[in-house]
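Below is one structure, written out as structure tokens, with a few remarks after it.
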Amino acid sequence: MRSYDKYFRENRLPHMWCPGCGNGIVMKAIVQAIEAKNLDQDKTVIVSGIGCSSRASGYMNFDTLHTAHGRAIPFATGIKLANPELNVIVITGDGDCTAIGGNHFIHGARRNVDLTVILFNNNIYGMTGGQASPLTPLGKKATTAPYGSVDRPFDPCHLAEAAGATYVARSTAYHVKHLSDMIFQGMGNKGFSFIEAITQCPIAYGRKNKLGDAPEMLKWMSETAVMKAAYDKLPEEKREGKFPIGVFYNSEFTEYTTAYQKVIDLAGGAR
Ligand code: SF4
């Protein structure tokens, strides 16, 4: 039985998350991946933006940076450029990453910066009051969409791949071992790794949409998430209401700090 105590700052407890929130599950899956990968705690940096999930960096016993709304990826890029030896992990939410930080997300992926970005997708802005995010499903209610959202959500995994990320995966807070494996694999990719973690917000999202409490929301994940290999074989009509989880894309391309070092060398300078 492993103890993960060393990865958490006990003096920051109690945490601020609501009972039943999935953020703690995803945070644990991250440290499980760190443990399995045997990353040096002193050479691992956790960077987060703003929002409920982004509070995780404060609870984690690493060098951590809790930055500005939507700006975690540029801060993380700066850290990686300053010291490419560091393992840099980004924690971000759906509002943080795909709305305010949407452009940073696209350009981090296109540059293939060696970051492991974990998007906690709870389909809503939790901390700021339950506003609709770019990942709120059509018809679901939010404080800014009291009759149901009419804005089409996009798929952040498709966007990450199209923008140039070299590792793209999805899992859920229900599939903890699988989620941890997806993050573990992402940490092994030398480049921009993007992992979408579907997680439950029973308070700001679940309650407003009558989705039940946390166990019911987790049950929904267990019933609707399908492993990619099986999902790919489903006929179109059987995909209705389901979504795939697993690795969607994995490729190799020159990593940004490596490319940048070449520029520095050409210019005759030292990093
Ligand atoms: Fe979690 Fe939602 Fe509460 Fe935020 S508002 S802590 S996401 S349950």
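When a ligand or atom number is given, it counts from 1 through the structure's own listing order.
Listed by atom number, the atoms of ligand 1 under 4.0 Å from C201 heavy atoms are 2 (Fe), 5 (S), 7 (S), 8 (S). Within the listing of ligand 1, atoms 7 (S) sit less than 4.0 angstrom from a heavy atom of N122. Less than 4.0 angstrom separates some heavy atom of P202 from each of these atoms of ligand 1: 8 (S).
Checked against a 6.0 Å centroid threshold, the rings of F243 and W220 count as neighbours.
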Exercise for the section: Could you walk me through whether S171 and H178 pass the side chain to side chain donor-acceptor pair (under 3.5 Å) test, one step at a time? Expected result: CA-CA 7 Å; S171 192; H178 181 260; 2.7 Å; yes
Exercise for the section: Show your working on salt bridge (charged side-chain N to carboxylate O under 4.0 Å, His left out) between D155 and R170 and close with a plain yes or no. Expected result: CA-CA 11 Å; D155 183 327; R170 178 191 291 133; 3.1 Å; yes
Exercise for the section: Quick one: do H15 and R55 satisfy side chain to side chain donor-acceptor pair (under 3.5 Å)? Show the steps, please. Expected result: CA-CA 9 Å; H15 61 74; R55 292 297 282 264; over 6 Å; no
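Both the backbone and the side chain of C18 come within 4.0 Å of ligand 1, judged by heavy-atom distances. Contacts between I124 and ligand 1 below 4.0 angstrom, taking non-hydrogen atoms only, are absent altogether.
Contact annotation: C21 places an N, O or S atom under 2.8 Å from atom 1 (Fe) of ligand 1.
Defined by atom type and a distance below 3.5 Å, a donor-acceptor pair is present between the side-chain atoms of T166 and N189.
Here the closest non-hydrogen pair linking A204 and G130 is CB-CA, 4.1 Å.
For atom 4 (Fe) of ligand 1, the nearest non-hydrogen atom of the protein is C52 SG, 2.3 Å.
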